[in-house]
Structures are given as structure tokens and as C-alpha cells.
Amino acid sequence: RGNILTTSADQDITLYLYFISQFKVLLHYLFIFFWPFSLSFDYDVRLAQHFYDLDVLVPLLICAGLFAGAVWLYRRQEHMLVVFGLLWFALAMVPRASIIPSTELICDYKTYPASFGMMLLLAYALVQAACYVMQKISVVAFNQRTMSALAGSVGVFCIVMSIYSGVRNVVWRSEIDFWGDAIAKAPKARGFNNYAIALWESGKQEEALAYFHKAIEKDDFYAEPHVNLATIYQMRNDQDKAFDHYKRALEIGEAHPELFNNLGMLHFSNQSWDAAEYCLKEAVKLRPYYSKSQCNLGKVYQVKNKREEALACYENAIRGDYQDAEIYYLHGSLSLEMGKIDNALASLEKIDKNYQDTAFLVGCCYYNRPSYAKAAEYFAFAHQKDPQNAVYAYNYAQTLLNLRRFDHALKLYDQCMNSAHEYPYIKLHRAKCLYEVGRRDDAKKSLKELLTSKLPKEVLDDAVALQKELKLT
């Protein structure tokens, strides 16, 4: 994908064509040890098309000559290290240079196991060359000038090789340097796409977009740049362009989980719930442990009021490949809503209590256990974080009432009185607090007003019972 080895993207890579191309591959791998310049992660080399092409016959004859030479040396029992080095190289390259196609034809990293044989051969050749030179020097004049010239030559050679090694190592300094070097020597769609990703991650967004488009120009049957462009346009709320690129990726036949996840969320933002559900199900089908898709599918189910299915998705997300605060929050809040207090606490306590209304939800869990002291601790934090929130204040007051901290609870009930219509029992609880802090007359007056108001019958019945209990009739 994004790395065309044939003359066109729709041509098949056959075992035969791949095999006859291996002679030039082997020759290239041998050559780079003796001329280590213009190295590249990947080379823009294509498969040979016919056996009688020069790029097949010439490398084949050279490889055959090397093999014949190794056999000749072996039979003469001479230079056995050369034979061993060539044999090591050949055997180590067999898994690569075969009839079994791979996504690259020539990549430098493929020679790592085989390099031992070549390095041994090179070391042997250097030692032999040094011995030969020293013999010649001893025959000629052995003087200081000769030795200085020899030492200087060796020194210059080492310096040049060291400098070039340093320059080459710079290529591995960053993703931008690495893929920039790759596209300079092998301008393929995959290289352009990966270079664009590196640019995007470094903040060079407009430049990245240009290289994504270059990748598409190189190979429009390569879906990855389409998916990346769609994701970027989706982030920029340019939905039409995002849909176009997702559509093209699907036409090509790309079907990876990230694509379906992003497309599902694009439908989600348009409130196309059925389309979002379909896409996210496809993402989950392709990668069941994909936490992000499981979480997003749970959101869709919640919108569709399928709470059991939503909860199952959130639990799958927790067991998946990635967990964050949002996943734990959604699982915890839905568990609390469904009355599964232990499950809710297990998730919510993994989140910082500053995250959204986590402190309040944890307080609700402890209140329902009931564990009022612990609930009060979390409600206090939530109330302090948002003092104007009447829901926080009312629940905090309820907890303090159960803890018999009537004076503090009374202040919170007073704060909520502007929203009394939302809390039918608030006047009843407030009257109880008034009585307990010694304001008997105010409590009596509050209960009388309550009994004349239009409230549900169960509230009025409780008010009569409290009135009798406190002897305020």
C-alpha cells in the first residue's frame, strides 16, 4: 500500500516476477557494503518484467560469477574467510530474496542479519590489503616520509568515513528527517504520507496537507492519505471534504477501525444515530479491543436509550487497549444511573475528582450505600468547586441532615430556596433543621405554610407526621 513495485497499482505481484527481481536485489545489497553512499530506508526499485531484461541477466551473471568464485576458493582451500562471509551473507538473505513477496523490494534494514558475513569479509580484505602494502613498503624505502604518507592516507580515510557516518546518522534524528530522506531518494506515496504525518505532528499543518495530496497524486489507490485528510478536515469541521475522502478510502477497499470510528463520529455529530451505530459496529468488529470505538458506540446507545448495551460497550472499552478519564466517567455515571453502585465507584474513583462532576457523582454513590460521612466529603468538594449549583448544595444539605449537622445544612437549604419548586421536600427538611437549631417558632411557621401549599400528597402527609413528632401543632 502506497509502495508500488509494479508498473501500475492494479498489476499483480506474482511469485515469478518477484523471484527474477531478486538477482538485482542481492547485487544491490552486496554493493552498498563496498560503496556505502546514497543509502536509503527504501529505494524506488520496480519489479523486473521479463527474464531476458538486462536488469535480470546482468545481475544474474554477476551473482553466478561470485558463486563460482566462492566454490573455486573453497576447493583450493584458500581465503576460507571470504567463502564463509559470502556463504553467511547468502544464507541470511534467503528468507528475503525468495519467491515470497514482501511489501518492499529493496530496504537497507533487510541486510542487518546478513551484514555480519560482509563485515567479516571486509575486515579480512582490509587486513590482507594492509599486509600487502607493508610488504611493498619494506621492499621499497622504509623511511619516515613513506610512513607519514601511509598514516596520513589511513587517517584521511577514517575521517571521511566518520564524517559520512555522522551525516547518515542525522537521518535518524527525527521522523521528519527520516521520511524526508526517504522521499528524496524514493518519492513513493507511502513516504509522502508518512512525511506529511511527521509534519502534522510537528505543527506544520499546511505543509502537511500539501504532502498528503502529493501522496494521493503518486498513488490514488493508496487509501491512507485519504483517511488522514478526512480526519484533518473532520477536526476542522469541514464535513463535506471529510466525507469525500472517507468515501474514496472505502471505494479503494480500505476498512480499518480508525476509519470507521472517525466516520461514525462524523455521523454522530450530524445526529445520524443509525449511520453512526453502523460505522462504530464495523470498527468494533474489526478490532474488538479498540477502546475508543467501544466508548463511542456506548455513547450512541445512550442517545438511543439502550442503557444495557451502552454499559456493555463501556465495560469493553475498560478492558480494551486504552483507558482514559472519559471512559471511566461514562461507565461510572451510567452505572450510578442504573443503580450499580459498586461498579460506579470502581470507575469514578479512578478519575481525578476535578474531572467534570466526578466528585458529585462519587458523593451520590456513597450516599446511596449509605455512607454519609464519605458522601459529605465529596459533596463538600463539589459545592466548593461550584457554589452556585443548587443540585450540589441540596444533595450536600441532605447528607449533612443525615449526619445531624443541622446548622450547616440549614444554610444550604436557604441557598436552594429560590429553586424550591424543584425540590418538593426542601421546606420539610428545612423545618426539621430550624427545630433542631432551636428556632422552634420558625419551624412551626414553616410547617403551617407547607401544609397550605400545593404539594404532592406524600409530602403533605410527611409534613403532618413531622408536625406531630415535633409537637408543633
Side-chain angles (χ1 to χ4, degrees), residues 193 196-197 200-201 205 208-209 212 223-338 340 343-344 347-348 350-352 354-358 360-361:
N193 177 73
I197 292 172
W200 180 267
E201 290 176 348
Q205 299 182 357
L209 288 174
F212 280 129
E224 200 63 30
H226 285 289
V227 175
N228 291 327
L229 281 171
T231 304
I232 291 167
Y233 288 130
Q234 185 174 354
M235 289 166 55
R236 293 183 168 190
N237 291 320
D238 192 340
Q239 295 188 359
D240 291 339
K241 287 184 179 179
F243 269 122
D244 287 342
H245 284 286
Y246 281 134
K247 180 182 176 183
R248 177 57 187 153
L250 290 170
E251 287 172 352
I252 294 169
E254 187 71 14
H256 60 61
E258 289 79 6
L259 185 158
F260 281 114
N261 177 74
N262 293 347
L263 185 55
M265 294 314 292
L266 194 57
H267 286 301
F268 187 92
S269 64
N270 291 333
Q271 298 185 1
S272 301
W273 313 125
D274 290 339
E277 180 181 349
Y278 172 81
C279 291
L280 292 167
K281 277 184 174 179
E282 289 297 310
V284 167
K285 188 186 301 181
L286 289 168
R287 190 187 299 162
Y289 56 87
Y290 188 20
S291 293
K292 190 175 288 186
S293 285
Q294 292 279 9
C295 178
N296 291 333
L297 182 57
K299 292 178 185 177
V300 174
Y301 282 138
Q302 265 196 278
V303 170
K304 299 178 81 171
N305 202 30
K306 297 179 178 179
R307 298 196 302 173
E308 291 292 344
E309 291 89 338
L311 189 63
C313 286
Y314 295 144
E315 288 172 350
N316 289 335
I318 289 172
R319 291 192 293 266
D321 58 356
Y322 175 75
Q323 298 79 37
D324 61 6
E326 183 187 24
I327 293 174
Y328 285 118
Y329 176 83
L330 290 169
H331 177 257
S333 57
L334 182 58
S335 295
L336 175 61
E337 185 182 323
M338 296 173 68
K340 301 183 179 184
N343 290 347
S347 287
L348 293 171
K350 288 185 172 68
I351 316 169
D352 188 288
N354 279 297
Y355 184 80
Q356 297 190 38
D357 60 342
T358 296
F360 174 74
L361 295 178

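- Rounded to the nearest 0.5 Å, atoms CG (L250) and CG (L263) are 6.5 Å apart.
- With sequence neighbours excluded, the residues satisfying side chain to side chain donor-acceptor pair (under 3.5 Å) with E337 are R307.
- Atom CG of N262 sits about 4.0 Å away from atom OG1 of T231, to the nearest 0.5 Å.
- Listed by chain and residue number, D274, E277 satisfy the salt bridge (charged side-chain N to carboxylate O under 4.0 Å, His left out) test with K304 (two or more places apart in sequence, or in another chain).
- Legend: residues meeting ring-ring contact (aromatic ring centres under 6.0 Å, His included) with Y233, ordered by chain and number and at least two apart, are H245.
- Between I351 and S347, the closest heavy-atom pair is CG1-O, 3.7 Å.
- Under the 4.5 Å side-chain criterion, counting only non-hydrogen atoms from C-beta, I232 is in contact with F212.
- Note that the CG atom of L229 and the CD atom of E224 stand 10.5 Å from one another [nearest 0.5 Å].
- Residues passing the side chain to side chain donor-acceptor pair (under 3.5 Å) test with N261 are S293, N296, sequence neighbours excluded.
- Evaluation of the side-chain contact (heavy atoms from CB on, under 4.5 Å) rule for I252 yields A223, H226, R248 as partners, not counting sequence neighbours.
- Atoms CE and CG, on M265 and L297 in that order, are 10.5 Å from each other to the nearest 0.5 Å.
- Side-chain atoms of S333 come within 3.5 Å of backbone N or O of L330 as a donor-acceptor pair.
- Partners of E308 according to the side-chain contact (heavy atoms from CB on, under 4.5 Å) rule, which considers only residues two or more places apart in sequence or in another chain, are M338, K340.
- To the nearest 0.5 angstrom, L286 atom CG is 9.5 Å from E258 atom CD.
- Every residue was checked against the side chain to side chain donor-acceptor pair (under 3.5 Å) condition with K247, not counting sequence neighbours, and none meets it.
- Partners of N354 according to the side chain to side chain donor-acceptor pair (under 3.5 Å) rule, which considers only residues two or more places apart in sequence or in another chain, are D352.
- What you find for L311 and S335 is that their closest heavy atoms are CD1-OG, 3.4 Å.
- Counting only residues at least two apart or in different chains, salt bridge (Lys or Arg N to Asp or Glu O under 4.0 Å) contacts with residues 313-331 comprise K299-E326.
- Under the rule for a side-chain contact (heavy atoms from CB on, under 4.5 Å), the partners of A317 that lie at least two apart in sequence or sit in another chain are S291, Q294, C295, I327.
- Atom CG of L361 is separated from atom CG of L348 by 5.5 Å, given to the nearest 0.5 angstrom.
- Listed by first and then second residue, the ring-ring contact (aromatic ring centres under 6.0 Å, His included) pairs that reach into residues 308-338 are Y329-Y355, sequence neighbours excluded.
- Annotation for G298 and A310: closest pair O-CB, 3.4 Å, computed over non-hydrogen atoms.
- The ring-ring contact (aromatic ring centres under 6.0 Å, His included) contacts involving residues 246-281 comprise F243-H267, F268-W273, where partners must be two or more places apart or lie in separate chains.
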